[in-house]
Amino acid sequence: MKIVDRLVSQLFRLNLQNRLVVGFLIATFITGFVATVVSIWTINKSTIDEVQNRVRQDINTAKLIYNQTLEKITSQIIFTAEGLDLHVTIASRDYVKMENLRSLIRYEQEAKPQNDTISLDMITVVDALGNVLYRAANPDIKGDSMLWLPIVKNCLEKKSLQLSTELMSIKNILRENPNLAERVKMEIIKIPLSYEPGEKQLSDGMVMMAAYPLYDKKKNLLGAMVGGVLLNKDNTIVDRVKETIYQGEKYKGRDMGVATIFQGGVRISTNVMTKENKRAIGTTLSKEVYNRVILEGKDWVGRAFVVDDWYITTYTPIYDMNKNLIGILYVGLLEAKYRDIKWHAIWTNLGITGLGMVIAFIISFYLGNTIIKRIRMLKEAAEAIAAGNLDYKLSPDKISGFDMLDEAFNYMSKSLKDHDAKLHKAHQQLARTERLTALGEMAAGVAHEINNPLGGILLYSNLVLEDVPENSPARENMQKIIYQTNRCKGIVQNLLDFARTPTGDMLPLKINNVINTSLNLVKDQSMFHGIEVKADFAKDLPEVIGDRARLEEVFLNLFINATDAMKGKGTLTITTRLSGNNSVKITVSDTGEGIAKEHLPHIFEPFFTTKEPGKGTGLGLSIVYGIIRKHNGFIDAESEPEKGTTFIVSLPLYMGKFDGMDEDVFYS
Ligand code: ADP
């Protein structure tokens, strides 16, 4: 566990790209490994299952062939006994006739049975007591009892046909047929478990035999005919099994299927080959198979090491007449072919996993690279924003899948920019308010100080005028002094208006009506003749609270300024709207000359004018500003030179009562 923990913590210490690469590799390796293990397991299971099923069927076919051989021997004996009228021959003790039986004996080991007849290794005729009357392969020896042979004993006792595979001692076999000496002589190549260590020779032979009872006409038992085939070194059965089941199928020059007959644990008839390419006669069973089949008497189905290679095998026991286990019948399929299929699958799987890992490495490396590249770009962008470049934009990259991040970043920088602009504007407005407040204070102070002396000048000028004779030239000068002083007083009054902006009664009123009144005052005047007026008033607007006369003055001022700017030609657009739920927004737009950018921050200042001397005082907008502020409202202007100007006024709604005019609101 500690190692795993250490590996994991080290993995997380790697940089992003390496982490991605290692992560991808681990993932593909694990997937590949699991896939390989699973497919090996599946292939193993399915092929082994299939092959085992096959050999299970094969052993049944082998058994059938084995039993068929036994039945053939039997029918051969019956056919011969009946064909030669053996009962007559026995009854008459006609031994010359019995000599005909010799033609059925196989002297030469290699001799093949002719036609469909089977060559027998031994034929013996016994009388009803079991004494030998005639031995076809050894006619000189007779008169001895054959009752020791269970098949003879059973045949005579039960008076019925008997057939089985029996073990016979070599001595007895040779008595039946001395020519079999070569076939029973067999060296055991490995000492099997069933034999005493050191014993090199089999003491018995395995004989497939049948005994047929013979009767006289009165159904009295006369004796029996016994015949058999020695299985040792007789490969007829195993070769027929191989031919029938495997049809000579080969894999890499070796027989795919093999069959064997065991006597005890020793191969006595087989087509399993040794390394020297000889039939593996005399070789022995493996220990596991021996334990299961010979000792436990059960079938064996599975892998087994046979002579020098692995086979998928089935072993089934062979019993004699008295149900003693005397041998084994075996079929096996060479495992090499299936092993090769398995290894082929394993290597293919490993190859695919390896290829997958290479591809994963390339992909993860590429992916890591793109991610890191994008992260770097984001970092640069963030740094640019931090340095104040709010216009910095990332071009959304749809291919790398980072467009979401890019868009989010661009959105962030845009809203940062918007906020910055709003802040800037608020800052400007604050600065303007502060500036206007200072100017207001100063103007009020100056106006106040000048107002009294001006009053004095006027009073005394009038007094002097009264004393000046009607025809005196000084009279005209005096009148000029009084005129100019009055002008001064007017300006001072305007200044005071700007600063204090006295208001009359504050009443709820309909702003559309107020605007219409102002409009009616000007629209018939000559300077309005070339101007189109568009009024777009919201219906059912709630009332605002205000001093009607002062508000009329505001709009009058705005209209006159607009007409001035349009120089007698253009469109004046007036709109009213509910803004939010506590104020009304009024816009007054013209299509006039507009206001230069550098002038815009100053238009509300007293005495700021761009008009020729004598034409404008620069007090109009500052008075408008003062009035709107006294109404707790707000005014602003937007303009594009040569295109036009829009004044935006917002006034609070009447909420049932007016909180009272704050006298200091201008200065606040
Ligand atoms: P005045 O009209 O006596 O110049 P104001 O305070 O009314 O004084 O206006 C100040 C200045 O603002 C004007 O001289 C003009 O330059 C500018 N101005 C005001 N209204 C407009 C408008 N509608 N279009 C263009 N400029 C305007």
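Counting starts at 1 for both ligands and their atoms, following the listed order. For the single chain, residues carry numbers from 1 onward in sequence order.
- The shortest contact between atom 2 (O) of ligand 1 and any protein heavy atom is with Lys611 NZ, 2.6 Å.
- The closest protein non-hydrogen atom to atom 26 (N) of ligand 1 is Ile595 CG1, 3.4 Å.
- Here Thr609 has heavy atoms under 4.0 Å from ligand 1 in both its backbone and its side chain.
- Counting heavy atoms under 4.0 Å from ligand 1, residue Asp590 touches it through the side chain alone.
- Electrostatic pairing of Glu380 and Arg376 does not count as a salt bridge here, judged by no charged N lying under 4.0 Å from a carboxylate O.
- Of all the heavy atoms of Leu621, the ones lying under 4.0 Å from any atom of ligand 1 are found in both the backbone and the side chain.
- Nearest protein heavy-atom contact of atom 13 (C) of ligand 1 is Thr610 OG1, 3.9 Å.
- A donor atom on one side chain and an acceptor atom on the other are found under 3.5 Å apart for Lys611 and Asn561.
- A donor and an acceptor atom, one from each side chain of Asn410 and Tyr392, are nowhere located under 3.5 Å apart.
- Judged by the shortest distance from any of its heavy atoms, Gly618 lies inside the 4.0 Å radius around the atoms of ligand 1.
- Atom 12 (O) of ligand 1 has as its closest protein heavy atom Ile603 CG2, 3.5 Å.
- Within the listing of ligand 1, atoms 24 (N), 25 (C) sit less than 4.0 angstrom from a heavy atom of Thr645.
- Of the protein's non-hydrogen atoms, Phe608 O, 3.1 Å is the one closest to atom 10 (C) of ligand 1.
- Under a 4.0 Å criterion applied to the non-hydrogen atoms of Ala562, ligand 1 contributes the atoms 23 (N).
- Of all atoms in ligand 1, numbered sequentially from 1 with element shown, those under 4.0 Å from a heavy atom of Gly594 are 25 (C).
- Nearest protein neighbour of atom 25 (C) of ligand 1, counting heavy atoms only, is Ala565 CB, 3.5 Å.
- With sequence neighbours excluded, the residues satisfying ring-ring contact (aromatic ring centres under 6.0 Å, His included) with His599 are Phe608.
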Please set out all donor-acceptor pairs under 3.5 angstrom arising from side-chain atoms of residues 582-594, sequence neighbours excluded.
from	atom 1	to	atom 2	distance (Å)
Ser583	OG	Ser579	O	3.2
Thr587	OG1	Thr575	OG1	2.4
Ser589	OG	Thr646	OG1	3.1
Asp590	OD1	Gly592	N	2.8
Asp590	OD1	Thr645	N	3.2
Thr591	OG1	Thr571	N	3.0
Glu593	OE1	Lys567	NZ	2.7

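- Taking 4.0 Å as the cut-off between side-chain N and carboxylate O, Arg54 and Glu249 count as a salt-bridged pair.
- Using a 4.0 Å cut-off between charged nitrogen and carboxylate oxygen, Lys393 and Asp406 do not count as a salt-bridge pair.
- Summarising the geometry of Pro601 relative to Glu605, their closest heavy-atom pair is O-OE2, 4.1 Å, with the distance given to 0.1 Å.
- If you check which protein heavy atom lies closest to atom 21 (C) of ligand 1, you get Asn561 CB, 4.0 Å.
- Contact between Ala596 and Pro641 at its shortest, heavy atoms only, is CA-CG, 4.2 Å.
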